[in-house]
Amino acid sequence: MKKLINAVDAVVREQMEGMALAHPDLLRVSLEPKYIVRADAPVAGKVAVVSGGGSGHEPLHGGFVGYGMLDGACPGEIFTSPTPDQIFACGMEVNGGAGVLLIVKNYTGDVLSFETAAELLHGEGVVVRTVLVDDDVAVKDSLYTAGRRGVGGTVIVEKIAGAAAEAGYSLAQTAALAQRVSVNSRSMGMALTSCTTPSAGKPTFDLAENEIEIGIGIHGEPGQRRIPIVDADAITTLLAEEILNDGPYTRTVRSFDPMTGDWAEVSLTSEPFRVGDRVIAFVNSMGGTPVSELYTVYRRLAMICKERNIVIVRNLIGAYITSLEMQGCSITLTRVDEEMVRLWDAPVKTPALRWGI
Amino acid sequence: MKKLINAVDAVVREQMEGMALAHPDLLRVSLEPKYIVRADAPVAGKVAVVSGGGSGHEPLHGGFVGYGMLDGACPGEIFTSPTPDQIFACGMEVNGGAGVLLIVKNYTGDVLSFETAAELLHGEGVVVRTVLVDDDVAVKDSLYTAGRRGVGGTVIVEKIAGAAAEAGYSLAQTAALAQRVSVNSRSMGMALTSCTTPSAGKPTFDLAENEIEIGIGIHGEPGQRRIPIVDADAITTLLAEEILNDGPYTRTVRSFDPMTGDWAEVSLTSEPFRVGDRVIAFVNSMGGTPVSELYTVYRRLAMICKERNIVIVRNLIGAYITSLEMQGCSITLTRVDEEMVRLWDAPVKTPALRWGI
Amino acid sequence: MITTADIEAWLQRAAALLEANKGYLTELDAAIGDADHGVNIARGFAAVVQKLAAQPGQPLGPIFKSAGMTLMSTVGGASGMLYGNFFLKAANVVGDRQTLTPADLLTVLEAGRDGVVQRGRAEPGDKTMIDAWTPAVNALKDALAAGQPLSAALHATAAAAEAGMRATIPMQARKGRASYLGERSIGHQDPGATSTYLILRALADALADEDAKRA
Amino acid sequence: MITTADIEAWLQRAAALLEANKGYLTELDAAIGDADHGVNIARGFAAVVQKLAAQPGQPLGPIFKSAGMTLMSTVGGASGMLYGNFFLKAANVVGDRQTLTPADLLTVLEAGRDGVVQRGRAEPGDKTMIDAWTPAVNALKDALAAGQPLSAALHATAAAAEAGMRATIPMQARKGRASYLGERSIGHQDPGATSTYLILRALADALADEDAKRA
Ligand SMILES: Nc1ncnc2c1ncn2[C@@H]1O[C@H](COP(=O)(O)OP(=O)(O)O)[C@@H](O)[C@H]1O
Ligand SMILES: Nc1ncnc2c1ncn2[C@@H]1O[C@H](COP(=O)(O)OP(=O)(O)O)[C@@H](O)[C@H]1O
Ligand SMILES: [Mg+2]
Ligand SMILES: [Mg+2]
Ligand SMILES: [Mg+2]
Ligand SMILES: [Mg+2]
C-alpha cells in the first residue's frame, strides 16, 4: 500500500490536524469526539447546517465547512459512518438558536447515527430537522434494498442548503429546499481502478487491466456490473444515459418532526429529466483521476445534454466526493430552478469550494 | 492503460474542447494553433501574462486562465513543450498594448520555444519580456546541467504576476516582480507511483511496491534517487529539509530586452531560507494523490516550519501542477514580502484558482 | 441467578471472541459490504470492556447502558448503531437490578432484539443480524418453557443463532449495504449475523463457565 | 550539382527513416529523457514532407524555410526547436538558388549546425546532437578538401555522425533533460545524436540514389 499516511489508526486524526493547521481562518477542529466547525460557529440566528459520513471522501464533508456552506462536519473512520455522539456534540456547538439541519447520506449506518443524534439534540432542546440524500441511480429499487445511496448530489445539496441558511432561510425552509435539491439530483459513477483502505492495506476489489466497474458507490464496494474497458465517450454516454433515462423513483423516508420529536414517514418521488430541464452538471473525480481527464468527460456530457435539450446552466468539475485514490468518475445532474441557481451562485468560502468572496 | 480518454492523438484537443464548453464565461480556446485566452482578451492597457508548457500538468496552465492570473496559456502535446507559433499567436491575441510577459519553465524545449516566440512577437512590434521559473532543488547545480527545472513555484509566480498585471503594474514592473517571486521559490517533489503517457500506454518508470522516487520533475522522468518507502512524516521531512537546507543558488539566465530585441545574460541568485522568513507553503498533489493525504503532509510541514521559525503566512493545498495520474506530492515554499502577499490575496477567477470574486 | 459478574464475563468473552474473529468478519463484509465489520466491532467491544473495568460494581442497568453507549460511539456503521441500541433497550428492562432470573434474561434478549428491529426495520429473511437474533430468542424461550436448565438453554440459543447465521447464505439481502448487490449477495454469509452468533456463543460459554465455578 | 529534387528526396528519405526508427528513438529518450523524441520527430518530418508536396517547384530557400517552420510548429520540445533552427539557418545561406555545389552543401550544414549551437549552447562532449553534427561537418569538409566525389564524401559524413552518436554513450549529459540525471546519464546513447545520424544517413543515401539515376 502506497499512501502519504503515518500509522493506520492515526490517518483521520492527522488529516484533521492538518486541516486545523491549514485553515484556522475558516474552521476549528475537535478531535474528541471528532468534528469540524466553522471558525465563527455558532452563528447567532442562522440555521446551522451539519453533515458527516465516513472519511475517505475528501474534500466531502470537512472541506465544505465555512461561510455559505456547512457549519459542521462529522468524519467517521475511513468509509465508516460517524457515531451519534460526534454528531450530537457538533450540533450542540454550531446551533445558533435557529435550529440544526442534518444532511444525511442514505446508508444504514449514517441514517441510524443521524437519527439517534437528532433525538439526542432534540432532548437538549435543539430544534432539528433531517434531510436525506439518495441520488445514486445505480441502485434501481427501494423496496428490496436499503434505497439509493447518497453520492454526488450531496455536494450540490450542501452548497445550496448552506447558501439558504446564510441567506436567512428558516430551518423549515432550508430543510424543504435541501430535500427538493436532493430529490432533483441523480448520479452515476464508475471505477477504472479500486481503492485501498489503510486498514485493509490491499485493493478492495480486483479489476483487470481491461475491465472497469460501472455503478459503483463511494466506499470501494463492488458496482452494479463489470464491463470490458471502453473509451471516455462511451463511458460518459453510459453514465449519462443511466441518469437521463432513469424513470420516476419513489421511496419512503423518515423525517424528524422537531415539534413532537417523532419520526414521520414521508413518500418522496423524483421525476425523470425532461426536455428543457435546466441542470447543474457535476463531473467528479473519484480521487485518483486528474482533472484533465474530467474535461474529456464533460465535453461528451455537454454534447449529450445538448442533443437531448437538457440545458446545463452551471457546472462543477473536479474531485469533490472521492473514494480515496480510486481512479474513475461520477456524473451528477441536478434539476434546478431560479432560486437554486441563485443560491448556487451565492458566495461560499470553504477549503474546497470558494467563490464570490 | 486506464484513462478517461478517447483516441490518443486527440487527448489534448478534446480536453481543451471540454474546457471551452465548461468555462465560456472565463476563457476562449483556439485549436489551430492551440492556446487558451481570457474570455475578455485583449484587456486594453493591461500587461498580458502568458505561460505554457507541455500538457499533462493540469490545471497548470489552462486552468489558471482568467481574471487576475493568466491572459493566455499554450499547451503542448503531453509532456512536450509548446511550439513558437502557438505562443506567438497567443501573445498577439492577448496583447492589450501594454506588452506581454512570457512565463517560462526552465526546460530546454520550453526555453527555446518561448525565446523564438519572443523574437517573433518583437518583430511584430509587441513589447515582450520573459521570466524564467527554475525552482526545483532536486537539481543541484546549473553549471553541468540545463539548470533547475520549473515546477511548483510556477503556480505562485503566475498568481502573483497575474495579480500585479491586473493591478496596473507596467510590463517592466510585472516582470521584475515575477522574477523576484521565482528566485524566492524552492520546490521538491516525490512519486509513490509512475505515470503513464497516453502515447506510451505503459508506466514511464517501474517502481516496486516498497519503493518511492525522490526528487522527481513533472514529466515522469526518473528522480534524483530511489529509496525504500517511508511514512508521510518522513517523506515530508525529507522534502522540507532539501528545501530549507538548500544553499545559495546562482545561475545565468537569458532575458529579452524589449528595446533592442536582444538577449542579455543576467546572473540571478536565490538566497537560502532564514529564520523569520515569511513564506507561502504549497503542498501539491502529483495528480493521483487525493487531497486528504496532502493534509497529513501539510501537518508535518507546518510543524517543521514552526520549529525552524519559518512563518507560513499563506498556504495552497491541492492538485495544481501534476504529472498525469502520478501518485505523490511536491512541496513549494516561496519567501514573500508584503507586496507579494497582497497580490496573492488579490481576487482571482479562473477554473482552478478562485477567490475574492 | 445470573449476576453482574456473569454479565461482565459475557461481555469480556464476547470481546475476546470478536477480536479473534476480526479478520474473518471483515472478510465476510468485504464480499458483500465494505470490509469494515470485524475491525469496527472488535474495537467497539474492546472499548466496552475497558469502560466496565474502569467502573466496577455497577448494577445491570448502568452496565448495559455503558455497553450500548460505548458501542454507539466507537463502532460506527450500521452494526454499531444496532448493537448499541440492543444494549440500551436491555438497560431499560433491567433498571437497577443486580441479578436476573433465566426468564429475565429472555426478556433482556427480547427487548434488545426488538430494539434492533425498531431501528433497522429488518424482517427475518432480509439477510441481517435479525436472522440470528430471532431464532436465538425463540430457542431460548422454547428451552426455558421446556424446563431446561439455563446452561443447556443458552447452548440451544447459540446453536439456533449459528443455524440462523448459516441460513443467511442463500438469502438475497434486502437491508444494509449488501442489498445494493441484489442477486450478487446470494451465496455469502451475512457478517452481522455472524457477529451476533459469536456474541451469543460467548454468552453460553461465559454462563456455563460461571456455573461450573459455582458448582 | 545538387538540385531541389535532391534536397526533397533527402527530406523524404529522412522522414521515412525517422518513422521507421520512431520506437527506437523514443526508447532511447525514455532511458535518459521523457520518452517523446521518436514520436515527435517522426510527426515533424512527416509534416515537412506533406507541406513540400503541397508546394512543388520552390527554390531551396523556401524549401528549407518551410522545413524549419514546420519542424518548429509540429515537433515541440528541445529537438523541434533545434532542428527547426537548423533549417532556418540553412535557408538563410541558400536564398533563392535552385542548385548547390558540394561546397555550398558544406556551407549549408555548417550554418545549420551553428544555428543549433547558437540556440542550444551545447559544446562537443555535452552529450547532445552536436556530438553528431560537428564530426559530420568536419568529415565533409575534409573529404571535399581531399577531392572526394560528393557521394563518397557524404558517406564519410554519415559515418562520422554515426561514430559521434556512439561516442555519446560514455558521456555524462550537461545539456537538455538528460543532464538532470547526472552520472545516471552515462551508458546511454543520446536520442538527438541518433536522429541527427539518421538524417545524415538519409542525406548520403538520397544523393547516392539521385547520382545513380543520373549516371
Ligand atoms: N437494517 C438493518 N437491520 C438489521 N441489521 C442490519 C441492517 N443493516 C445492516 N445490518 C447488519 O449490519 C451488518 C453490517 O455491519 P457493518 O459492516 O458494521 O455496517 P456498514 O454496512 O455500515 O459498514 C450486516 O451484515 C447486517 O447484519
Ligand atoms: N541545449 C542543447 N543543444 C543541443 N541539443 C540538445 C540540447 N538540449 C537537448 N538537445 C538534444 O535534444 C534531444 C532531446 O530531444 P527531445 O526529446 O525532442 O527534447 P525534450 O527533452 O524537450 O523532450 C537530446 O537527446 C539532445 O540531443
Ligand atoms: Mg462501513
Ligand atoms: Mg519532451
Ligand atoms: Mg461494513
Ligand atoms: Mg524528449
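Proteins get letters first, then strands, A, B, ... in listed order; numbering begins at 1 in each.
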(message) Strictly less than 4.5 Å between heavy atoms, which residues of residues 83-94 of chain A line up against chain C? Please order them by number.
(response)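 Interface residues of residues 83-94 of chain A: A:T83, A:P84, A:D85.
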(request) Identify the residues of residues 104-121 of chain A whose heavy atoms come closer than 4.5 Å to a heavy atom of chain C, ordered by number, or report 'none'. (result)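 Expected list: A:N106, A:Y107, A:T108, A:G109, A:L112, A:S113, A:E115, A:T116, A:E119.
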Classify the side-chain pair [X]/[Y] by whether it contains a donor and acceptor separated by less than 3.5 Å.
X: C:Y24; Y: C:T194; value: no
X: A:T145; Y: C:S179; value: no
X: A:T80; Y: C:N40; value: yes
X: A:N6; Y: A:E14; value: yes

(request) Select one option (side chain, backbone, both, neither) describing which atoms of A:R149 are under 4.5 Å from chain C's heavy atoms. (result)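 The answer is both parts of A:R149.
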Neighbour count >12 (heavy atoms, 6.0 Å) for atom [atom1], [X]:
X: C:K22; atom1: NZ; answer: no
X: C:E27; atom1: CD; answer: no
X: C:M171; atom1: CE; answer: yes
X: C:Q50; atom1: CD; answer: no

(message) My understanding is that only one of A:L102, A:I103, A:V253 makes a side-chain contact (heavy atoms from CB on, under 4.5 Å) with A:T130; could you say which?
(response) A:L102
(request) Identify which part of C:T26 has an atom lying under 4.5 Å from any heavy atom of chain A, answering side chain, backbone, both or neither. (result)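 Neither; nothing under 4.5 Å.
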(message) Taking every non-hydrogen pair under 4.5 Å, which of C:R43, C:R177, C:R121 racks up the most with chain A?
(response) C:R121
(request) Specify which of A:A200, A:P82, A:G147, A:G217 makes the most heavy-atom pairs with chain C at under 4.5 Å. (result)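 Most heavy-atom pairs within the cutoff with chain C belong to A:G147.
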(request) Kindly give the heavy-atom pair with the smallest separation between A:D246 and A:K140, and that separation in Å. (result)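 Looks like OD1-NZ, 4.2 Å.
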(request) Take A:F205 and A:E221, measure what side chain to side chain contact (heavy atoms under 4.5 Å, CB included) needs, and give me the verdict at the end. (result) CA-CA 8 Å; A:F205 55 85; A:E221 62 271 61; over 6 Å; no
